[in-house]
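Report on one structure; see the data block that follows.
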Amino acid sequence: MCKIKPFELQFEHQALLIKFVFFIKIFKMGDQGFLKQKPGFATIAIHAGQDPSKWESSAVVAPIVTSTTFKQTGPAEYKDFDYGRSGNPTRNTLEECLAALDGGKHALAFASGLGAITTITSLLSQKDHILCCDDVYGGTNRLLRNVVQRMGIEISFADFTIEDSIKKEIKENTKMIWVETPTNPLLKVIDLTAVVNIAKGKGILIAVDNTFLTPYLQRPLDFGVDIVMYSITKYMNGHSDVIMGAAVVNDSDLEKRLRFLQNSMGIVPSPMDCYLVNRSLKTLAIRMEQHKKSALVVANWLLKHPKIVEVMHPGLPFHPQYEIAKRQMTGHSGTFSFKHSGDLKESKKMLSALKVFTLAESLGGYESLAELPTLMTHASVPEEQRTRLGITHNLIRLSVGLEDVEDLINDLDQAIKVAFE
Ligand SMILES: *Cc1c(COP(=O)(O)O)cnc(C)c1O
């Protein structure tokens with residue numbers, strides 16, 4: 001005989017329902033309410049494109065094929081490869097892995113990040129217009145203003161954190177929107193869904209520079225953008241020993257056009273470098289997980305320091321675009337910026353006093369780096385544009401590496417003391 005009264009039965013059901021809803025919420029959310037990491041990422045990084053049966057030797061580790069040319073069975077009769085610029089077995093292996101990591105159909109590797117951007121912007125023609133977010137990598141800014149513009153392509157910049165400023169800047173001839181999120185060096189987060197909705201149906205290609213996050217922390221194709229671009233030089237390779245770039249796309253026609261440009265313009269990486277990057281990707285997931293954790297610890301420590309006036313890190317709850325960050329990122333990487341209460345003199349003293357952090361440009365390697373954007377990475381950005389954006393002499397950018405985080409904090413502590421003594 002059933003002893004549960006109807007009321008209790010109802011109550012039990014409700015409790016179960018609450019538990020279930022809670023479970024669903026937890027399941028969808030990652031750390032701190034950020035997007036949850038797609039399952040299988042580390043497995044894809046290790047196995048995608050790496051099938052040993054594609055090599056006659058059944059090599060488990062993809063071989064480095066250095067040959068620039070491939071024997072043909074008759075004139076213009078060959079299997080997969082004819083000439084090394086057009087395709088190379090080691091490069092193709094890397095490209096397959098890169099495409100899979102972003103959930104994309106195709107990936108193309110280039111000789112550098114800027115080589116990738118040069119190729120992508122070459123999809124356009126004279127009189128076309130590129131709308132770019134204002135706080136963009138210094139080299140991208142320089143390429144667009146000093147090279148691409150000279151080829152007859154119009155360039156303009158806008159603050160992409162304000163949707164109306166994107167809408168206002170779109171013209172009849174706008175053919176590409178260039179997004180970098182989070183931005184560099186101010187770590188503003190741009191809403192990818194909003195940009196996609198604004199550009200929808202207008203025949204505008206949206207390209208996203210995903211260098212700061214890698215597909216481990218953000219997958220722009222999932223939000224409907226057309227092209228994901230990387231400076232592989234940074235986190236993707238992660239060992240500060242290769243300069244390389246990449247583009248990932250879903251659309252096969254777009255892939256064909258980019259493939260044509262990759263071959264025609266010749267901005268291709270070497271098989272040796274492709275081997276190194278393919279190998280580096282095998283540890284991308286665990287590297288990014290550690291960068292993410294350590295950088296948050298360092299950011300929280302800086303927040304409490306009396307000489308630090310601002311910490312720009314999308315993983316901190318008071319970040320102006322924290323809610324957007326949680327919707328489109330699974331977390332933030334090791335790169336962020338802060339402002340201290342001094343000026344150029346204190347920045348110089350602090351950076352020169354660092355012992356574990358290395359004073360150097362770049363980011364995303366296993367070693368921690370610190371730099372002064374005004375004189376280093378962003379020196380090529382016109383001073384007027386820098387000042388307007390707030391890239392000032394007291395702004396320091398860190399790339400938190402994989403050393404013990406206590407050592408990094410102790411190093412910053414002593415360097416800040418030296419700067420202000
Ligand atoms: C470094 C970097 C680039 C340029 O890449 P290279 O590999 O140095 O040519 C582009 N975008 C971002 C965000 C970068 O950090």
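Because the structure is predicted, anything quoted here is derived from the model rather than measured. All ligand and atom numbering here is 1-based and tracks the order in the structure. Each residue takes its place number in the sequence, starting with 1.
Aromatic pair His332/Phe212: centroids not less than 6.0 angstrom apart.
Using a cut-off of 4.0 Å between Lys/Arg side-chain N and Asp/Glu carboxylate O, Arg259 and Glu95 are scored as salt-bridged. A salt bridge links Lys417 with Asp413; the closest basic N to acidic carboxylate O contact falls under 4.0 Å.
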Using atom types as modelled, flag every donor-acceptor pair under 3.5 Å from a side chain in residues 301-308 to any protein atom, sequence neighbours excluded.
residue, atom, partner, partner atom, Å
His305, ND1, Lys307, N, 3.0

Acceptor/donor pairs from residues 226-233 side chains to any protein atom, 3.5 angstrom cut, sequence neighbours excluded:
residue, atom, partner, partner atom, Å
Asp226, OD2, Ile206, N, 2.8
Tyr230, OH, Asp102, OD1, 3.2
Tyr230, OH, Asp102, OD2, 2.5
Tyr230, OH, Asn210, ND2, 2.9
Ser231, OG, Thr233, OG1, 3.3
Thr233, OG1, Met244, N, 3.0
Thr233, OG1, Met244, O, 3.2

List, pair by pair, the atoms of ligand 1 and of the protein that are both N or O and lie under 3.5 Å apart, giving the separation rounded to 0.1 Å.
residue, atom, partner, partner atom, Å
ligand 1, 5 (O), Ser231, OG, 2.9
ligand 1, 7 (O), Gly113, N, 2.9
ligand 1, 7 (O), Ser231, OG, 2.9
ligand 1, 7 (O), Thr233, OG1, 2.7
ligand 1, 9 (O), Gly113, N, 3.0
ligand 1, 9 (O), Leu114, N, 2.9
ligand 1, 11 (N), Asp209, OD2, 2.7
ligand 1, 15 (O), Lys234, NZ, 2.7

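With sequence neighbours excluded, no residue forms a salt bridge (Lys or Arg N to Asp or Glu O under 4.0 Å) with Arg257.
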